[in-house]
Every structure is written in structure tokens, then in C-alpha cells.
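Structure, as C-alpha cells:
Values in this document were obtained by computation on a predicted structure and should not be read as measured data. Every chain is numbered from 1, with letters handed out A, B, ... down the list of sequences.
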Amino acid sequence: MANNDREVLVKVKNVDITFFNGKRPFKAVKNANFEIYKGETFGLVGESGSGKTTIGRAIIRLNQISGGEIWYKDLRIDGKLSKKDRQYVVRNIQMIFQDPAASLNERATIDYCISEGLYNFHLYKDEEERVRKVDEALNSVGLLPEHKSRYPHEFSGGQRQRVGIARAMIMEPELIIADEPISALDVSIRAQVLNLMNKFKEERGLSYMFIAHDLSVVRYFADRIAVIHNGNIVEIAPSVELFRNPLHPYTHSLLQAVPIPDPQIEKNKTIQQYVETEAEQNYDKAELVEILPEHFVLMTENEREGYERKAAALK
Amino acid sequence: MSEKQHDIISDEFNEDSSFEFQREDDSASEHIAAPKYSYWGSVFRRFFSNKIAIIMLVIALTLVLFAFIQPMFSGYDPMRTPNINNKSMHYLRPFTTKGFIFGTDDKGNSLFDALWSGTRNSLIVALGATFITETIGIIIGMFWGYSKKMDVIMLEVYNVLSNIPTMLIAMILVYALGGGIPQLIFALCVTTWVGTAYFIRVQVMIIRDREYNLASRCLGTPTPKIILNNILPYLISVIITSVSRDIPLFISTEVALSFMGVGLSQDKASLGRMVQTYAAYMTTASYLFWIPVVTSAILSVSLYIVGQALADASDPRTHMI
């Protein structure tokens, strides 16, 4: 792989995630393979119900996996962990949730919401240091220390999401899993939250796993993008490359769905219907192949020739 | 606006000294102008805006205070009957004789004294049983709702216990243990806690998987702390509802048990025992029967309405109006 020089933060290896509806199993994620490097923003896009959130929650250990391995640096983090390892994972991987109204405890003050992680690991010497840390966290997301005694319902959506970010940032994590952090927000404040996330990325060398279905946002925000469809990761590529040369037909049709702000082009655009590929029908035989440098596509052995021809044409 | 832009614009206006450049203050837009919210403050404001609730609270408090204070002065004891041989003191009608506001009963004892002593014992039984039922029910219900492993076992326990009629088990236990107040409280609590626990379990399951609980788990909050800080505060309203239902229920259960002759023992006055003994005088001295019945009804209704009003007021959805 071309990225041997970059430090791998999270490695997801052949991961299956199965839910049970009574006795009937349902595979939400099938054989997922990807890596998140230190300091990058890894985008995960797909339609509703494709398993994006499920993968994110598996990395933060909210969902159990039914096969494969998840590694954080040198530590395998799926399955049962010792108390020390569990705390290590919690401190280094944090999450920003989709709905800021639902993800804050309505009966707790902002002070408690933000200090919750500090209390759990006792990350402060005395009360004074805790107050200082909370004030700093509030300041860094543009909120005021006077907000500490307020309750979440008194805030606007954007402010609440910033509380959610402050709550994650106070743990000083290395990786943040952002599960559609802006999809519940008003269009006018989406940029505010994204800029804030970018600011933290630059200041603290954070890595993000950015889960979204809004392609225009992912294009702006992510360094590399994985496209997921019905639980299968069909394509992984750097975002510029993915938007320029989408190889998998699903990616292609997904990118076509992005509206173009030009009435002339938009009017004459022909939408290609996505037809199930052979790889998807026999997903247990298909695998991700690096067809161009850093560009992976899910394919079966039969399809390989066609993709190679396409890739050669691009070169 | 960046520093550079500020400078360019301020240069243009420098010549006109009547203009002054104002810097924008980002933090001003974050300020919340609304008055500070306090949960319990809002609960009480909401509760005291309800006139019926205030009237009922006054009635309930008067009854409860009277029941606990008056017997201390009267020193009423159903076993002491000083007027039993003085026939002229029997069956005095209410409001006819000084010193006997509610008249006297078949043994010449003051009904007024008997009533408050009986109310006190009935209240002690109801409050004690409610306290124990709710405490055990809430603690077990919380963990029951949260833990899937415990659910499997507890559902079986629930199926067994909830199928035993409370009345039957209370009767058997009072027979076996004797008719004291602690025994009666125990007999009333021994199966009812499982109903409260089941009720709490369902409420916990509704909010268990909400996103803010997942967020707390992501922050490494241990389960007991999640239950205490994330789930219990959401249940205040349903817990108050449950308490306000339990108190009248236990008052009437005590009355019913005593009426059937298996409640408190002979030497303790209680509303139920009074109703039972005086039921025989329905036609000849009906006040003996009706005064305890009406007192028991007023007590139950006023406590229930106060509880319901408090439950409504403690639901934060009613605070925002």
C-alpha cells in the first residue's frame, strides 16, 4: 500500500456486524475493510440504512461485531476489554452525535454535560482545574462560561451541537467519530460547526471519521472517502480522485445525485439508474482491489478485467 | 471580519471624525436573555398555579396534621372504655354535647378522638407501605429495565408474584404474623413492589436507548451513574404518579382488610376497623358509619389529586408555556 509511511490509527479488518430480529439474523455490515490514518478526515458516505452509523458505533464499541477485527493502534478493541484498555479507548475515541437535541441530557446543566467525561476519569486535580477546563472548552467552541448553569433546552441547535463538540473535545481524544454532525442543523449554521471541527483538526492534529449522506459536505470536509452500499464498502479513494473518477457504478450514480447549481447542466443531466453489480450479488466472493494507487473498488474476479480497462483508460 | 478589512474601511472613514468604527462582538450573539431555568422552581410555580390542587393540598395537610397531632392530646385507646356503664353517654349525636364534637359510640367513647386515632394508624400503614413499595420497586425496576440479563429472570419472578392476589397474601400473612402495624405494612408490601418495579422497568426501557445515554456510555460513564443521573431525573413525574396512586390504594386496602376482620388488631383504632364495627349501626346511628367513611374518602381523593397535580407539574414539558 502506498501509505506505509503514515501512521494507522484505526484498522477495520473483515468486519461483519449482525443484528438479530428475534432469531433471524440480519447482516448490517459485510466484510468491511478500511484504515483511518492519523491526522486525516475519513468520510463514510452511503444512503440511509446502508450501515454507516453501525460501523461508526462499532468502532466506539457501542455495537458488537460478529466477525473480523478492529484495531486502535496496537490494541484490538472489539470484544471484551480490561478496564484499563476500555478507559484508554474511551479517552482516545470520542463521538459527536447526529441530533444535538437528543444527545444531551435534558435534566443536566451544561456544566455537568461537559464535565461528565472529566468526572468519570477524574481528569482534574481539584475543583478549580475542572472549572478552568470546562471554561476553556466552552470558549474554544465559542460559548460563554455563563452558559454553565443553563439547561440544554435553552440553547439553539447550533449551540447545542457545539456543546456536544466541547464534551468530546475535553477528553482530548485522537479520533472523533462524527455521525452526521450537521444533518440535524439549520443550513445557516452548518458551516459554523464544520469550521469549528476543522479548527480542532488543525490545532490538535485530530483525526475524524465523518459519517454523512450529504456528498457536497463530504467533498469539502474529507480527505479520503469510503462509499458504502447495503453494508458493503464498494469504493475507497481520496476525495478528489473519487469525485473525478468514480469507478464503481454505485458511486457513479450516487455522485450524479448531487445537484449542480447551474440550471442548464442540471436540465440536460441524464441520470444513470444503478443496476446491481455482480460483486454485490456474490459479495462473499468479491473483494476490495487497489485498481489505481489508493483507489479501491469492490469487485469479483470476473469484473476485474473491465475495471482494469477503465483504470488504464484514465491513466 | 478580518483585521485587514477593518483597517481599510476605517481608513476611508478616518477623514470624517463624526464616525467611529464599532467592532462586532461575537460573544454578544451567544448571550441567552431568558431568565435562568430552575427545575424545582418551575415545578412549584406550575403546581401553585393550579387552584384545585392548592385547595386539596390544604385539605390533605389539615387531615394529616390533625391525624398526627390530635391523638397525642386525646390519648385515645380503644381498649379504655370509662363510660361503658353510663348509658346516658352512649350514642350521643354529633354537635349536641360539649367535648364530644362527633358524639359518642356504642361504648360511650368520643368518636372525634377515635376518628383521628384511626386516621393516624391508617395513614401510617399507607405511607409506610407506599414508601417501602416505591423504594424497592424503583431500585429493582431501574436495574431490571436496564439489564437484559436481569430481565429474563425478573419476568419470571413477576409472573409468579403478580398472579398471587394481594388481598389473599395480605390476609394469610396478617393471620400468621399477627395484627400489628409493622406486620400489616409487611403484608401489604410483600407482593406489591413487583408491580411498581414492572412499571418502572417499562419506563426505563423507553428511555434506555436514547442517544444521550449512548453519549454517556461513549464518555465512559458507569451504568449505576447513568441510571442515577440520566434516567432517574426523567422518571420523577411517573414516580410521583405512582406514589399518588399507591397511597389511596393502601388506605382502601387497609380499610378493606380491617373490614374483613384481618387488618389491625383490636387494640388499635383504624378507619377500616371503625367502618367494620359501626356498619351494624347503619340504621340506628348512621353518623358512626358515615363519618369514618367520608373521612377516608376525603383523605384518599385529596392525596390523589395533590399527587396528580404534582406529577403534572414535575413534567418539564409543562414548564415551557
Side-chain angles (χ1 to χ4, degrees), chain A residues 57 60-63 83 86-91 93-110 112-121 123 138-139 141-147 149-156 158-159 162 164 167-168 170-171 173 176-177 179, chain B residues 2 24-43 148-149 152 203-204 206-240 313-321:
Chain A
R57 288 190 174 176
I60 203 157
R61 295 170 47 79
L62 284 176
N63 285 341
K83 198 178 172 203
R86 215 162 48 222
Q87 296 195 346
Y88 171 75
V89 173
V90 166
R91 288 198 53 184
I93 306 180
Q94 275 299 317
M95 190 156 183
I96 300 173
F97 287 84
Q98 175 174 7
D99 184 353
S103 63
L104 292 172
N105 184 355
E106 286 278 336
R107 302 287 176 87
T109 57
I110 297 303
Y112 177 78
C113 287
I114 294 181
S115 329
E116 193 169 347
L118 295 182
Y119 285 130
N120 290 339
F121 298 107
L123 299 176
L138 278 170
N139 270 328
V141 295
L143 293 170
L144 310 173
E146 69 179 48
H147 289 151
S149 60
R150 298 276 182 175
Y151 287 83
H153 73 256
E154 299 178 78
F155 291 83
S156 69
Q159 284 175 320
R162 282 184 280 151
R167 165 174 73 179
I170 205 165
M171 304 290 283
I176 284 197
I177 294 169
D179 184 4
Chain B
S2 70
E24 64 175 310
D25 181 10
D26 281 338
S27 67
S29 64
E30 304 288 349
H31 180 73
I32 298 176
K36 279 221 165 77
Y37 173 78
S38 118
Y39 176 71
W40 290 106
S42 305
V43 169
K148 281 173 185 147
K149 277 182 207 144
V152 181
Q203 301 298 325
V204 171
I206 293 171
I207 54 176
R208 180 185 63 194
D209 291 327
R210 292 225 189 129
E211 231 172 37
Y212 73 96
N213 292 322
L214 294 183
S216 285
R217 275 169 65 193
C218 287
L219 287 163
T221 311
T223 307
K225 220 171 145 191
I226 291 183
I227 290 177
L228 197 66
N229 288 329
N230 291 16
I231 294 180
L232 193 58
Y234 278 75
L235 296 185
I236 290 174
S237 175
V238 282
I239 288 172
I240 294 176
S314 58
D315 183 348
R317 274 170 291 187
T318 62
H319 296 173
M320 314 300 176
I321 309 152

Checklist outcome for this item: Heavy atoms of A:Asn120 and B:Gly220 approach each other most closely as ND2-C, 3.4 Å

Item to check | Under 4.5 Å from any heavy atom of chain A - which part of B:Asn229 | outcome: both

Checklist entry - Most heavy-atom pairs under 4.5 angstrom with chain A, which of B:Asn213, B:Asn230, B:Thr221? => result B:Thr221

Checklist entry - Any idea which of A:Arg86, A:Arg61, A:Arg162 has the most non-hydrogen atom pairs under 4.5 angstrom with chain B? => result A:Arg162

Next on the checklist: With a 4.5 angstrom heavy-atom cut-off, is it the side chain or the backbone of A:Ala102 that approaches chain B, or both, or neither?
Outcome noted: both

Checklist outcome for this item: Nearest heavy-atom approach of A:Glu146 to B:Ile32 is OE2-N, 4.3 Å

Item to check | Over all atoms of both residues, closest heavy-atom pair of A:Val90 and B:Cys218 | outcome: CG1-O, 3.3 Å

Checklist entry - Considering all heavy atoms of both residues, which atom of A:Glu116 and which atom of B:Ser216 are nearest to each other, and what is their separation? => result OE2-OG, 2.6 Å

Checklist entry - If you count heavy-atom pairs under 4.5 Å between each of A:Met95, A:Gln94, A:Gln87, A:Gln98 and chain B, which one has the most? => result A:Gln94

Checklist entry - Which bit of A:Leu62 is near chain B, if near means a heavy-atom gap under 4.5 Å: side chain, backbone, both or neither? => result both

Checklist entry - More than 12 heavy atoms of other residues, nucleotides or ligands under 6.0 Å from CZ of A:Arg91: is that the case? => result no

Checklist entry - Between A:Met171, A:Arg107, A:Arg57, which residue shows the highest count of heavy-atom pairs closer than 4.5 Å to chain B? => result A:Arg107

Checklist entry - Which pair of heavy atoms, one from B:Glu211 and one from A:Ser103, lies closest together, and at what distance? => result OE1-CB, 3.8 Å

Checklist entry - Side chain, backbone, both or neither: which part of A:Tyr112 has a non-hydrogen atom closer than 4.5 Å to chain B? => result side chain

Item to check | Heavy-atom side-chain contact between A:Glu106 and B:Tyr212 under 4.5 Å | outcome: no

Next on the checklist: Given 3.5 Å as the limit, does a donor-acceptor pair link the side chain of A:His147 with the main chain of B:Glu30, or not?
Outcome noted: yes

Next on the checklist: Among A:Arg150, A:His153, A:Gln159, A:Glu154, which residue has the highest count of heavy-atom pairs closer than 4.5 Å to chain B?
Outcome noted: A:Arg150

Checklist outcome for this item: Here the pair of heavy atoms bringing A:Arg167 nearest to B:Ala215 is NH2-CB, 3.5 Å

